[in-house]
Protein chains: 2
Amino acid sequence: MGLRERKKQKTRLALIDAALDLFHDQGYEATTIDQIAASVDVSPRTFFRYFGSKEDVALALPADSLDIFLAELSDRPESESPFVAMSQAMRLTLGAMGQRDEADHERFVKTRKLLDNNPAFMAGQMRLLMASEQRLLAEISRRRGTDDLHSHFVLALFTAVARVGFEYCQPDEVRDADALARRLDETLAIAEQSLVPGWDK
Amino acid sequence: MGLRERKKQKTRLALIDAALDLFHDQGYEATTIDQIAASVDVSPRTFFRYFGSKEDVALALPADSLDIFLAELSDRPESESPFVAMSQAMRLTLGAMGQRDEADHERFVKTRKLLDNNPAFMAGQMRLLMASEQRLLAEISRRRGTDDLHSHFVLALFTAVARVGFEYCQPDEVRDADALARRLDETLAIAEQSLVPGWDK
DNA sequence: GTAATTTATGTCAGTGAGTGACAGATGACA
DNA sequence: TGTCATCTGTCACTCACTGACATAAATTAC
């Protein structure tokens, strides 16, 4: 990887860090792009060359996580049913979050705090997810063998479970990757008890 | 109801109609608030006294529907489990949509077309729903007798089913209230087959 | 090592959403 | 009719976001 590429990665991470810190210190709405750009010594125009919008920089890590999730899902064995495959992929994704270097995990936790304090971001996460909806749907339909309304139901149900796992925390609750993983397992357990065996076949 | 109130209702509906027509004719992004305001002979500032944002005017009818849904839900008998109560309330809400006067149903269909062609609006609908999430959650917890993670699961599952019912249509499919009602019933049937009896108790 | 070629960045000018403040117009009501 | 509350238009402003162009820096070719 050349110098140019390394510089870009560095700038990208610097922008994310500056944004997360400013969002935390003075609030999301009160933070301007100019402030973020200024604290990285970069022009505002450059900010928009890295992130399409102010929301995008806040959701940069969730977006990365989604990519990891999609990659993990592709690696799941054919024998697993759609819901099981997605559940396992999600577990592995959260596991990977917990095993990153210090700085990366710091960003993860800061992002979690930000999303917890601004429920409006949930819509943004939905937007992210829906951008990959077609890919997910194709994967589900492939594993099920048919492409019908039932596939949509499986997808919607999984996103619902994922949402519950990520949302709804106590104000002072620790929200690192491990805590999230535990919460996801709890939610998956409830789902398992509620659904009839083979419902996603 | 006085003249002032009637005028306001009239302006509100005129803004919605103008917006929906402009969105349809030239696209959502390409339509400006100034254009909407101009076609109703109202200042742009006044537009924002009726709607908080450009998105809000597009989602005006879904927002109204949500209010109706919440009212219907309150009227459901105590004997119904949370999921059944929400399902019935949703059926009644869609039924009410189909029995409105011509102009209102026209707006309903136009809004549906708009949302179908701009998947980005799904996030907006989520935002709407989440604004009432606390009320819904309270209702579910009340009917279940406890307030725990399971209540969140019931809520998420219902919103998932509702989403599947409203989303995913063929490009040329008719999307009036009756068609939506049928689609919702289909989806509810799938949910019923997939869930163990008493899962939402 | 230098020259030619990409590619990233800064500057500038502009659009459009959204907001606060104030003054004037218009129903509501005694 | 006159007073009061409320709605509206105008103005000025902030901020997110974008296209165009010139410059600077990294990559590649020679």
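Taking atom CG on A:Asp41 and atom C1' on C:dT9, their separation rounds to 13 Å, with Å as the unit. Following rounding to the nearest Å, B:Leu3 (CG) and D:dT8 (C1') show an atom-to-atom distance of 15 Å. In this entry the distance linking CD1 of A:Ile33 with P of D:dC15 reads 11 Å, nearest Å. C:dG27 atom P lies 15 Å from atom CE of B:Met1, rounded to whole Å.
Other residues, nucleotides and ligands contribute more than 12 heavy atoms inside 6.0 Å of the CZ atom of A:Arg142.
Using a distance-only test at 3.5 Å, with no hydrogens or angles considered, no donor-acceptor pair links the side chain of A:Glu5 to the main chain of A:Gly2.
By the 4.5 Å heavy-atom criterion applied to side chains, A:Met90 and A:Phe166 are counted as neighbours. Here the side chains of A:Glu133 and B:Glu167 are in contact, with some heavy-atom distance below 4.5 Å.
For the pair B:Gly2 and B:Thr32, both in contact range of DNA chain C, the more 5′-proximal nearest nucleotide belongs to B:Thr32.
Within residues 4-28 of chain A, the residues having any heavy atom under 4.0 Å from DNA chain D are, by residue number, A:Arg4, A:Lys7. Heavy-atom distances under 4.0 Å link DNA chain D to B:Arg45, B:Thr46, B:Arg49, B:Tyr50 of residues 44-55 of chain B, given in residue order.
The aromatic rings of B:Phe158 and B:Phe69 lie parallel to each other, their planes meeting at an angle below 30°, with 60° marking the opposite boundary. Relative ring orientation between A:Phe47 and A:Phe51 is described as tilted, the plane-to-plane angle lying within the 30° to 60° band.
The CG atom of B:Leu73 lies 9.5 Å from the CD atom of B:Glu80; values are rounded to the nearest 0.5 Å.
Seen from the ring of B:Tyr28, B:Lys54 counts as a face-on cation partner, given the 6.0 Å and 45° thresholds.
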